[in-house]
Amino acid sequence: MIGIPVQRKEGKAKATGHAVYVDDFRLPGMLYGVTVRSSVPRGRITAIHFGPGIPWQEFTVVRARDIPGANCISLISDDQPCLADSFVNHREEPVLLLAHQNRCLLEKAKLAIRIEVEALPAVLSMESSLACTQIIWGTDNIFKSFLIEKGNIDEVWSKADFIIEGEYSTGAQEQLYLETNGMVAEITADGLTVWGSMQCPYYVHKALTKLFGWKDDRIRVIQLETGGGFGGKEEYPSMIAAHAALLSWKSGKPVKLVYDRSEDLVATTKRHPARIRHRTAAQRDGKILGMEIDFTIDGGAYATLTPVVLSRGAIHAAGPYECPNVRIRSTALATNVPPHGAFRGFGAPQTLFALERHMDKIASAIGLSPEAVRRRNFIRKGQTTATGQQIREDVVMDKLLDRALKESDFHARQSRFSLENPRSSVKRGMGIAAFLHGAGFTGSGERYLSSIAGVEVTTTGNVLVLTSGVEMGQGSKTTLAQIVASALNLPLDQVDIAVPDTARVPNSGPTVASRTCMVIGKLVESAALTIQQKLREAGMLGAGYSQSEFCSACSNYIQKYGPLKSYAKYQAPAGIEWDDEKHQGDAYGTFAWAVHIAEVSVDTVTCQIRVEDYVAVQEVGRVIHPVLAAGQIEGGVAQGIGYALYENVAWTDGRMENCQMTNYIIPTSVDTPRIRVFFEENPYSHGPMGAKGIGELPIDGPAPAIVNAIQNAIGFSVDFIPVMPEALLLAMEMQNA
């Protein structure tokens, strides 16, 4: 089964319309819910007015004072309220909930409510936050900070032949999953059940237990088919589930709450805007002696997952390079905009954009090619990363770069572009990005989660995989089934994946951080092999068995001994050590590696930029399903093109103003080039069948590869994204001034 492009497990149901998404889900007597939100970025709530002409007695109304347990969305720091009580800290903050059976009347009622707020000064940018010493939280405006140090950076400056400085900035980015957020909740005498679109059922479960003050077994969370997530459905579904559950609790009826696109855009989390500063010491031969990096992100009004994003961004800031002296300072600031959260790559796309732009700047300053500077500094087996992690596996970055240069015809095209008509307004260029991404949770994160996954076999020999990992389009149902089928030597149709339901499956951890295939896949592989071992120890199964022999053995075992189940719990590979306080040690069990090359055209009159060709070469261990793996790379590159060129969040007074798909622009098939995907396999000993994580990796490379290509085309540096036409025009005017 491994390395074969088998049919997707859920493909037929999706293609034929039988898959059930949250907006397809109905319960008898169900009401509909809406959220009433703040219209100011910061202030004190003084009154709530219910307008005339609405039969308010027919509505279920929930305020903060109605919450039976703790008024918070429990996550890391539990600082975000479920409903604002006395204060609001950002525009679109939830204040009031309404439910009614008539959706049209519900929308009319929502517009009839006026929340009176005494406005207070707001902090709406990182620059403003840096200038402040205190905001509404009553403490300083720093959510989190990390310091990573290696060697002695202070001693290298006097030894350097070149000192190169640069400042880079990245904007917010919306996940823009095809299906918007939504939840259905029902409270009965037995407890609370919620169904919905989500990435992390046990995150939602944890939040609801704290909100209601109930025991775990009174709350059940069931994932419905999920139409995309990309991190945007990691923590935010807990908020929507909480709102639907409170309305159900007060009304005594099931309640559905589904956002329209505009509400989803203005209210939910986005990628953190960032500012990254580099100061680098280098020798004439291109060897980097020292890196000093300052990484700052805008966390928004509440912490949510900001510490995790900050940590990963800082750890990846030095990239796939060996440097003896490193200092990375990272800071997450509070502002009065909606909280930022997880988005594919979470933190690494920001710092790797800056690093790979800076590598080209180093090459230019020294007088070497971008290719040569990268080769001179690639990390190799036995060397250490910025956190002091020793690389224990073969690193094939040179091989990846060679393949990327060959497949893109890099040198020949660059030469051809340099000979094109200088009078033409259209300039062409090529850009390289080399990068890595850690697979799984950072440091001790996987140990803390202690994830569990299982396998259950029926008397007919059918196998059910028990995991809370969710399918959201990435193909995990298929790849997990392939792993188990291969471990048990069974056909794929004999293996199925249980619906993620907290009443039925163990906590396998969240579906994030490129951990599903590598971590959960390893657990289900181990559980499947234990099933095989049980049957052999019972003398019911020999080596080289057939399908019918396996089925017969399972039937005999269950009749004699009872249920045939096996669970596996995460165990860290030997030698993995991490210091959370110092941010030192083995940040990840392994890394995936990649080199991407972009070809762009830039019209210097209209400032339109097109990506004409894109080559992506990566090492992700062993490829389980080549079509799904290539799809992950293609999708990540497409999102990265949007991040680099199209996706500009327009903020006005702390609110996203371009909150429709007509004015928040993402690349379409017309804007996306042929993306040529290549893999170099290098099996990872601790991954299932040798696989590593793959999902986060491809978003890290496109923005720097594209912007490096822009510089190659037009001859001057662009150090920000997104590179919108108007922004490029301004940069060109400043360059020519």
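Count residues from 1 along the sequence. In what follows, every heavy atom counts, from backbone to side chain, and hydrogens, waters and symmetry copies are set aside.
- Using a 4.0 Å cut-off between a side-chain N of Lys or Arg and a carboxylate O of Asp or Glu, Glu322 and Arg380 do not qualify as a salt bridge.
- At a threshold of 4.5 Å between non-hydrogen side-chain atoms, the residues Met518 and Tyr684 count as touching.
- For the side-chain hydrogen bond (donor to acceptor under 3.5 Å, both in side chains) test, residues two or more places apart in sequence or in another chain that qualify with Asp285 are Arg376.
- Between Arg277 and Glu167 there is a salt bridge, since a side-chain N of the basic residue sits under 4.0 Å from a carboxylate O of the acidic one.
- At a threshold of 4.0 Å, the pair Glu292-Arg329 counts as salt-bridged, since one of the basic side-chain nitrogens sits closer than that to a carboxylate oxygen.
- Shown here are the salt bridge (Lys or Arg N to Asp or Glu O under 4.0 Å) partners of Glu179, two or more places apart in sequence or in another chain: Lys233.
- Listed by chain and number, the residues in a side-chain contact (heavy atoms from CB on, under 4.5 Å) with Ala363 are Pro370, Val373 (sequence neighbours excluded).
- Salt bridge status for Asp603 with Arg610: absent, with no side-chain N to carboxylate O gap under 4.0 Å.
- Residues meeting the side-chain contact (heavy atoms from CB on, under 4.5 Å) test with Ala386, sequence neighbours left out: Ile148, Ala318, Val326, Ile328.
- Under the salt bridge (Lys or Arg N to Asp or Glu O under 4.0 Å) criterion, Lys427 pairs with no residue at all, not counting sequence neighbours.
- Scanning all heavy atoms of the two residues, the minimum distance from Gln660 to Ser262 falls at NE2-CB, 3.4 Å.
- In this view, Asp402 and Arg375 satisfy the salt bridge (Lys or Arg N to Asp or Glu O under 4.0 Å) rule, not counting sequence neighbours.
- Annotation: salt bridge (Lys or Arg N to Asp or Glu O under 4.0 Å) contacts of Glu393 (sequence neighbours excluded): Lys692.
- A ring-centre distance under 6.0 Å is found for His316 and Tyr588.
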Side-chain atoms of residues 728-737: list all donor-acceptor pairs with protein atoms under 3.5 Å, sequence neighbours left out, distances to 0.1 Å.
residue : atom : partner : partner atom : Å
Asn736  : ND2  : Met732  : O            : 3.1

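- Applying the side-chain contact (heavy atoms from CB on, under 4.5 Å) test to Ile666 and every residue at least two apart in sequence or in another chain returns Leu176, Glu647, Tyr664.
- With sequence neighbours excluded, the residues that form a side-chain contact (heavy atoms from CB on, under 4.5 Å) with Ala594 are Phe435, His596, Gln618, Leu697.
- Note that the CG atom of Leu310 and the CD1 atom of Ile297 stand 4.5 Å from one another [nearest 0.5 Å].
- Between the side chain of Lys287 and the main chain of Cys323, no donor-acceptor pair closer than 3.5 Å is present.
- Residues satisfying the side-chain hydrogen bond (donor to acceptor under 3.5 Å, both in side chains) criterion with Glu92, sequence neighbours excluded, are Arg655.
- Shown here is Lys361, whose NZ atom has more than 12 heavy atoms of other residues, nucleotides or ligands within 6.0 Å.
- Residues Cys659 and Arg261 fail the side-chain proximity criterion, which asks for heavy atoms closer than 4.5 Å.
- Side-chain atoms of Asp294 and Thr296 include a donor-acceptor pair closer than 3.5 Å.
- For the atom pair NE2 (His625) and SG (Cys517), the distance works out to 11.5 Å, reported to the nearest 0.5 Å.
- Qualifying side-chain hydrogen bond (donor to acceptor under 3.5 Å, both in side chains) partners for Asp360, counting only residues two or more places apart in sequence or in other chains: Arg374.
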